[in-house]
**Q** 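The following block contains the structure, expressed as structure tokens.
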Amino acid sequence: MADARGMSRRQVGLGALALGGGLAFASLPADPAAAAAPSLGGGRPALRHGSAREAGLLPGPLKQLVTDAEAFLQPSPEHPWYAGAVLLAGRGRTVALHRPIGMAVRYQAYDEETDTGVEFPPDQQIPMAEDTVFDLASVSKLFTSILAVQQIERGRVELEAPVASYLPDFGRAGKQDVTIRQLLTHTSGFRAWIPLYEAPTYEEKVRRVYDEELASPPGTAYLYSDLNLISLQLVLEHVTGRRLDVLLREEITEPLGMRRTRYNPPASWKPKIAATEDARKPWSGLDRGLVWGEVHDENAYSLGGVAGHAGVFSDAWDLAVLARTLLDGGVCGRRRILRPESVELMFTDFNTAFPGDEHGLGFELYQHWYMGAMATPRTAGHTGFTGTALVLDPTTDSFLVVLGNSVHPVRSWRSGSAPRVAAANQLARAVPVRPARGRTAWFSGMASAATATLALPALDTSSGAARLSCALWWDTEPKADVLVLESSGDGGTTWKPVPFTTRRRGGSAEPHPTGTATGWSGRVWHDLTADLPAAPGLVVRWRYTTDRLYVGRGAYVDGLRVEKGHRRLFDESRPADATRLRAEGWSREED
């Protein structure tokens, strides 16, 4: 389901960020690790549970990740963002956090007159468990995309080929030039969605897709659309002669041992599935009552539960197996589902003409609105309307799964993507940044709507030729959050930017003529030099400012030094000088 009708996903992400058993359990694989093992052909397990330290992560932020997530079980600001969630975070082959919170099934209905949820009796409510299965909603698009890339590998589908070369009827209504790549990157020109569930037959639904006119010429705009992946489903089923659910099973889930991932879960799974919405008009397109164990998306439901844009059910561990497989270049143990170069295409931006809407083949890239501080130009992921998200960061080899039932009991109770952002921020924070020199470095913090300053003492540079040097590490939300080097010669009454130059190891010099650093720097240390202005009492400081929405991983400064020729005016390594630094919002962080 498109996250909002007629709105882009990025616009949806700018929503509110404020915080504010009686049923039998079905028989599903009890041990996640055991569930993955049979498919590995004797190879080493793809994943294991372990401690934060074993994963190369800091335990404090992971603990805070859970605390932050639990806050959204409370009004945030008026209603809970979700009834419950399952959180999973890992790095390398170690899952360091796998935690259920809240309830998988809590409400039997929604009372629209009082805007309250009607709860099941306590003995019929079901708490979240590590292996609770969720309706993934649009995270399903990733599976369709992987299946498409597999067929591109095998030569049955060409990336730049017109869709109409496989489905001639698709070329109606001016769509003859739409390509497979444009379907995968949401640049086809399709509008966000159409109510296919209103068509009486499957054939009529397909005809409506074929007859749909484009909102913009192919390749001229980015518009997230369910119709792209529905169309891709039709291509895949045509070229393979197999239904999408069969392709999913035979090409992805069975090879990877993902035993809790499928379309149309059987009735026996229902007690282990998180409930979604009391679906009734006008907020839903269909009157279905409590949706539980069936796909929530109306179009996918009308397509028999099997659709390219929605309909896959899965749990957190299975998604972690998929994440690990992609981060490992398409291989899990001895089973390969994609070649490394194919995975690379999924992590490569094809939408350079549409800044802010970066997209690989199927995967969204560099989206702070739900990836938070995990976002880098190669961070890949997707969200789902029901409250789900998967984020993969190749830079740090880390992965995050957030599965929430945020439309339970009704979709209007949640807005924005704050729980996803909060979880991603804490996992990013859990990846340590090793100081460039010694055991500690100055860290700006990651608070939003904040200003942090780190100031050197007043120095006499009146004779000129003074130079500042240090090591600098930064990763911020581009343009919105800025790190500035500035100086004052009048005791702090006025400040002027100080131009500087940075150089990463093995790289070329990069000038910063405005004295600022923002955006992505590779998450590596850079050597910095800056010529300082002449003044008898010059104060130099770093100032880091963030807006109220999203943040990056922040900034680090290490080894501050000011020299004039062979004379050192300031050296952070000298204890007496170090104590003269004035930090507001910055803190010392150890390796």
**Q** Strictly distance-based, threshold 3.5 Å: is any side-chain N or O of Arg582 a donor or acceptor partner for the main-chain N or O of Leu454?
**A** no

**Q** Output yes when Arg523 and Asp393 qualify as a salt bridge under the 4.0 Å nitrogen-oxygen rule, no when they do not.
**A** yes

**Q** Okay, side chain of Glu572, backbone of Gly559: is any donor-acceptor separation there less than 3.5 Å?
**A** yes

**Q** Between Tyr370 and His368, does the ring centroid distance fall short of 6.0 Å?
**A** no

**Q** List the atom of Ala96, the atom of Ala52, and the distance in Å for their closest heavy-atom pair.
**A** CB-CA, 3.8 Å

**Q** What pair of heavy atoms forms the shortest contact from Glu130 to Val86, and how long is it?
**A** O-CG1, 3.9 Å

**Q** Working to the nearest 0.5 angstrom, can you tell me the gap between Arg561 CZ and Leu468 CG?
**A** 10.5 Å

**Q** State, yes or no, whether a side-chain contact exists between Thr395 and Trp520 at a heavy-atom distance under 4.5 Å.
**A** yes

**Q** Working note: Arg336 + Asp328, criterion salt bridge (charged side-chain N to carboxylate O under 4.0 Å, His left out); need CA distance, chi angles, decisive distance, verdict.
**A** CA-CA 10 Å; Arg336 178 172 293 282; Asp328 283 342; over 6 Å; no

**Q** Any sub-3.5 Å donor-acceptor pair from Trp525's side-chain atoms to Arg434's backbone N or O?
**A** yes

**Q** Of the options Leu47, Leu326, Leu427, which is the one that meets Phe399 in a side-chain contact (heavy atoms from CB on, under 4.5 Å)?
**A** Leu47

**Q** Please determine if Asp558 and Arg437 form a salt bridge, counting it only when a charged side-chain N lies under 4.0 Å from a carboxylate O.
**A** no

**Q** Side chains of His186 and Phe354, heavy atoms from C-beta outward: is any pair under 4.5 Å?
**A** no

**Q** Mind checking the OG-CH2 spacing from Ser444 to Trp586? Nearest 0.5 Å is all I need.
**A** 5.0 Å

**Q** Check whether any side-chain N or O of Thr546 sits under 3.5 Å from a backbone N or O of Val551 as a donor-acceptor pair, and report yes or no.
**A** no

**Q** Walk me through it: do Leu532 and Val562 pass the test side chain to side chain contact (heavy atoms under 4.5 Å, CB included)?
**A** CA-CA 9 Å; Leu532 300 180; Val562 178; 3.8 Å; yes

**Q** Say whether Thr502 and His512, considering side chains only, have a donor N or O and an acceptor N or O under 3.5 Å apart.
**A** yes

**Q** Would you call Arg548-Glu477 a salt bridge at under 4.0 Å N-O?
**A** no

**Q** Strictly by modelled atom types, are Arg588 and Thr440 linked by a side-chain donor-acceptor pair under 3.5 Å?
**A** yes

**Q** Could you tell me the separation between the OG1 atom of Thr476 and the CE atom of Met446, rounded to the nearest 0.5 Å?
**A** 11.5 Å

**Q** Return the minimal non-hydrogen interatomic distance between Glu160 and Thr179, and the atom names on each side.
**A** O-CG2, 3.6 Å

**Q** Any side-chain heavy atom of Leu338 within less than 4.5 Å of one from Val149?
**A** yes

**Q** Do Met374 and Val391 come close enough that some side-chain heavy atom pair is under 4.5 Å?
**A** yes

**Q** Ignoring hydrogens and angles, state whether a donor on the side chain of Ser463 or Lys564 is under 3.5 Å from an acceptor on the partner side chain.
**A** yes

**Q** Is Arg541 salt-bridged to Glu486, cutoff N-O under 4.0 Å?
**A** yes

**Q** Looking at side-chain heavy atoms only, is the closest gap between Glu563 and Leu569 below 4.5 Å?
**A** no

**Q** Once you round to the nearest 0.5 Å, how far does CD of Glu510 lie from OG of Ser521?
**A** 8.5 Å

**Q** Kindly determine whether Phe350 and Leu361 satisfy side chain to side chain contact (heavy atoms under 4.5 Å, CB included), including the steps that lead there.
**A** CA-CA 8 Å; Phe350 283 83; Leu361 297 185; 3.7 Å; yes

**Q** Between Tyr544 and Ala450 (side chain of the first, backbone of the second, donor and acceptor by atom type, cut-off under 3.5 Å), is there such a pair?
**A** no

**Q** Answer yes or no: are there more than 12 heavy-atom neighbours, outside Arg99 itself, under 6.0 Å from its atom CZ?
**A** no

**Q** Out of curiosity, Ser145 OG to Leu184 CG, how far, rounded to the nearest 0.5 Å?
**A** 5.0 Å

**Q** Between Met128 and Asn405, is a side chain to side chain contact (heavy atoms under 4.5 Å, CB included) present by the stated rule, with each step listed?
**A** CA-CA 10 Å; Met128 286 290 182; Asn405 54 352; 3.7 Å; yes

**Q** Check Ala221 against Ser216 and note the closest heavy-atom contact, atom names and distance.
**A** CB-OG, 3.8 Å

**Q** Below 4.5 Å, heavy atoms only, C-beta onward: do Leu87 and Val401 meet side chain to side chain?
**A** no

**Q** Going by heavy atoms in the side chains, are Thr383 and Trp369 under 4.5 Å from each other?
**A** yes

**Q** Is a side-chain N or O of Thr185 found less than 3.5 angstrom from the main chain of Arg181, in a donor-acceptor match?
**A** yes

**Q** State whether a side-chain donor-acceptor pair under 3.5 Å links Ser417 with Arg420.
**A** yes

**Q** Could you tell me whether a side-chain N or O of Ser188 sits under 3.5 Å from a main-chain N or O of Asn228, the two making a donor and an acceptor?
**A** no

**Q** Would you find a donor on one side and an acceptor on the other, under 3.5 Å apart, between the side chain of Thr379 and the backbone of Tyr366?
**A** no

**Q** Measure the spacing between CG of Leu322 and CG of Asp318 and express it to the nearest 0.5 Å.
**A** 9.0 Å

**Q** For Arg553 and Ala428, indicate whether the former's side chain and the latter's backbone hold a donor-acceptor pair under 3.5 Å.
**A** yes

**Q** Please determine which of Trp473, Tyr556, Trp474 meets the ring-ring contact (aromatic ring centres under 6.0 Å, His included) test together with His526.
**A** Trp474

**Q** Determine whether a donor-acceptor pair (N or O, by modelled atom type, separation under 3.5 Å) exists between the side chain of Gln367 and the backbone of Leu365.
**A** yes

**Q** Answer yes or no on whether Arg378 is positioned over the face of Phe363, meaning its NZ or CZ is under 6.0 Å from the six-membered ring centre and within 45° of the axis.
**A** no

**Q** Taking the side chain as C-beta and beyond, is there a heavy-atom pair between Leu390 and Leu400 under 4.5 Å?
**A** no

**Q** Using a strict cut-off of less than 4.0 Å between a Lys/Arg side-chain nitrogen and an Asp/Glu carboxylate oxygen, indicate whether Arg503 and Asp527 qualify as a salt bridge.
**A** no

**Q** Would you say the side chains of Ser398 and Arg91 form a donor-acceptor pair under 3.5 Å?
**A** no

**Q** Compute the centroid of each ring, for Phe500 and then for Trp542, and state whether the two points are separated by less than 6.0 Å.
**A** yes

**Q** Between Leu57 and Gly90, what is the shortest heavy-atom contact and its length?
**A** CD1-C, 4.4 Å

**Q** Out of Leu538, Thr461, Val540, which residue meets the side-chain contact (heavy atoms from CB on, under 4.5 Å) rule with Pro533?
**A** Leu538

**Q** Could you walk me through whether Asp531 and Arg467 pass the salt bridge (charged side-chain N to carboxylate O under 4.0 Å, His left out) check?
**A** CA-CA 5 Å; Asp531 294 326; Arg467 171 169 284 202; 3.1 Å; yes

**Q** Can you name the nearest heavy-atom pair linking Ser138 to Tyr224, along with the distance?
**A** OG-OH, 3.1 Å

